[in-house]
2 protein chains.
Amino acid sequence: MEELAESNGRRSVRMADVAAHAGVALGTVSHVLNHPEKVSPHTLERVRRSIDELGFVPNSRARALAAGTSSMIAFIVIDLGNSFFLDMARGAELEAQERGLNLVLANCDMNTDKELVYLSLFDAERMAGVLIAPLPSSADDQWRLQEWQSDVVALNVDASGRGCCVTTDDELGGYLAAQHLIEAGCRRLLFTGGPFSLLPIADRYRGAQRAVAEADGVSLELLRTLQTKPADGRKVGDALAARAADARPDGVLAATDLIAFGIIEALGVQGVSVPDDVKVIGYDNNRQAWESTVPISTMAQPGEEMGRHAVRLLVDEIRNPGSHEHEHVRLTPTLIARESTGT
Amino acid sequence: MEELAESNGRRSVRMADVAAHAGVALGTVSHVLNHPEKVSPHTLERVRRSIDELGFVPNSRARALAAGTSSMIAFIVIDLGNSFFLDMARGAELEAQERGLNLVLANCDMNTDKELVYLSLFDAERMAGVLIAPLPSSADDQWRLQEWQSDVVALNVDASGRGCCVTTDDELGGYLAAQHLIEAGCRRLLFTGGPFSLLPIADRYRGAQRAVAEADGVSLELLRTLQTKPADGRKVGDALAARAADARPDGVLAATDLIAFGIIEALGVQGVSVPDDVKVIGYDNNRQAWESTVPISTMAQPGEEMGRHAVRLLVDEIRNPGSHEHEHVRLTPTLIARESTGT
DNA sequence: GCTCTGGATTGAAGCGCTTCAATATTCGTG
DNA sequence: CACGAATATTGAAGCGCTTCAATCCAGAGC
């Protein structure tokens, strides 16, 4: 790790400089900054003027070192290009701001190794706390096995036992999505998505199964995909379009909006109408899929709310190290019915 | 700003603890960390073992304070939801990593006030340096008028005179885009976009004008929009579709991909074919528009490269406070020809 | 055997700030 | 007008680390 010289040579104004300029003691300046109510109005005024005149910017590093506290929390995100994660960041930031904390982001850009790198970095930086939103994998993430200096709250992944976490109930989401299709009149459902090593996808499928089991005369077919991209959806769409009309499902549950997007596009090209011939519902309320010609019904995950909850948990953990008990907040996805299911 | 108690009660291991455990002096432990070549192999080994056994994580705050250096740089982005900015972040991060620096992100979420807030924050945190990518406005951004402790490099905005900056040449981009349409056989061009208070949009239009002026028998019409969203494009598309075929432009230059996206969609719905009847080119190479049914030709801005350049400039400024001269790097957008212009 | 040399190790002096016990100042009372 | 109680201000002791001058030690050379 290379070292960098102190910033730009312009040596910055220190608190001692302000004290000298204002003709008061060092401690007084500190009081002006941290406990202004303990300083006489006259002194307050004078010190503040000196601060302005000298352009003093308190060094929060030194501050944090001396006080043993910090107002910075960090959010490690596996992929900021995914609007779901960005929503979390948004929510986390709002909540942090309301609580007087500052939130910085770290983008892993789908590289899981970076999670560890950033976690170590923020640990060493002695952040007040760290949020982390990894890919939802079934495997135990390695970072969860370590002890960290900072408190850590996980999003989008079940970390119960080792710390706080906030997730959405994918099984329920799958259930609700399937139910929506069934209520829309579909009887031959198809669930498509993959890989099933992604826990949320497996959960969504389970939920769909449950909904189908509860309904009468409804069947559920499964068509796995390798990934969750529009290209995977297009393949599925082509395959479906190639079938005889009566061998086609009348309701498709795509594991992600991107897949749904691809399906609808392929189906459209092949002359199969959505939602008339086939109804399609996606998952994620992904902005990337918002602009589809046929607006896609979807299960929205409350990303922002997840972020807010995570910060709330984190702050509790930081503030009450004694009484804090790890919590697993499980939020409910919401159905957003749009045109692709015939609304 | 609220204060938070020191992390979780578990008091962290200090360097002194390691020194005691290994039976060496404080300075020796520090040497192990920073100048291992100056320590005898035997001591090195012993100290390292102690570090491991105690789980010592050096406090980089204290380190930064003592050494007067830091390896953290921050990137303040006006909107991480925009893939162009995210690309910059990506590039910046890669470049930073290669230079042994760590990059954290701050998302302003289209709120210009937050730019100042974050700038102040990072200034106080004594980051090694700060990158900032604001909206490209014609107005002088207020943050540029201030003196900062940290070195600051601006992206996407011309800050010459006050610091380093890296931008793309929008005039040239508009020129190249128009040229592409002309080469594709278009003679009646339309430029659409807005508001013109956005400097880049005005520049792109100027570029288009230049290309048209240089060509023979080519006309250029202007249709302003209020914003740069798909909805604005759809309006334009509808308006064009309503015209008699021979009163319609045969080449449309949209100021953004999102507008282009809307235009193509509206045109398609109304039975006007792209690219057969009208060719359309966008701008930005926006991922949100990638999945259009008709892949959109576009001018790609080298976001990643911008990020890399910015970090490069920043590092130079940090390292050579004496000899450093502010620089304005102007990059060239690249034409990406896709189906919407008939390729 | 003794000095010289250079690498290894040490310990103290900060880095810029907070905090707290100690001191100084002010004010209300008797 | 003096005195104790508030109220203001001070200065020193850290926070956890880096750095550098000073010290130590081992082996080389005579």
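Letters A, B, ... mirror the listed sequences (proteins, then strands); counts begin at 1.
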**Request:** Evaluate the ring planes of B:F122 and B:Y118, with Trp represented by its six-membered ring, and classify them as parallel (under 30°), tilted (30 to 60°) or perpendicular (over 60°).
**Result:** parallel
**Item:** Distance in angstrom units between B:L65 CG and D:dG14 P, rounded
**Value:** 17 Å
**Complete:** Between CD of B:E125 and P of C:dG16 the distance, given in whole Å, is 16 Å
**Message:** Assess whether a salt bridge exists between B:R14 and B:D17, defined as any Lys/Arg side-chain N lying under 4.0 Å from an Asp/Glu carboxylate O.
**Reply:** yes
**Prompt:** Does any donor atom in the side chain of A:S150 or A:D123 lie under 3.5 Å from an acceptor atom in the other side chain?
**Reply:** yes
**Request:** I would like to know whether B:R61 and A:E125 meet salt bridge (charged side-chain N to carboxylate O under 4.0 Å, His left out); could you show each step before the answer?
**Result:** CA-CA 6 Å; B:R61 258 194 240 280; A:E125 287 284 340; 5.2 Å; no
**Request:** Indicate whether the side chain of B:N34 and that of B:R63 have a donor and an acceptor atom separated by less than 3.5 Å.
**Result:** yes
**Prompt:** Do side-chain atoms of B:S120 reach the backbone of B:L116 as a donor and acceptor pair under 3.5 angstrom?
**Reply:** yes
**Request:** May I have the distance from A:K38 (atom NZ) to D:dT10 (atom C1'), rounded to whole angstrom?
**Result:** 14 Å
**Asked** Just checking, any donor-acceptor pair under 3.5 angstrom between side chains of B:S160 and B:H326?
**Response** no
**Request:** Would you mind reading off the distance between A:R46 atom CZ and D:dA8 atom C1', rounded to a whole angstrom?
**Result:** 12 Å
**Message:** I want to check one thing: is the phosphate of D:dT9, taken as OP1 and OP2, less than 4.0 Å away from some side-chain N or O of A:S40?
**Reply:** yes
**Item:** Worked verdict on A:R90 versus A:D87 for salt bridge (charged side-chain N to carboxylate O under 4.0 Å, His left out)
**Value:** CA-CA 5 Å; A:R90 218 169 253 136; A:D87 281 343; 2.9 Å; yes
Between the protein and nucleotides 23-28 of chain C, which nitrogen or oxygen pairs come in under 3.5 angstrom?
none

List, with names and distances, any nitrogen or oxygen atoms from the protein found under 3.5 Å away from nitrogen or oxygen atoms belonging to nucleotides 17-19 of chain C.
from, atom 1, to, atom 2, distance (Å)
C:dC17, OP1, A:N59, N, 3.0
C:dC17, OP2, A:M15, N, 2.5
C:dT18, OP1, A:N34, OD1, 3.4
C:dT18, OP1, A:N34, ND2, 2.9
C:dT18, OP1, A:R63, NE, 3.2
C:dT18, OP2, A:S30, OG, 2.8
C:dT18, OP2, A:N34, ND2, 3.4
C:dT19, OP2, A:H35, NE2, 3.4

**Request:** Using whole Å, report how far CG of A:L44 lies from C1' of D:dA8.
**Result:** 12 Å
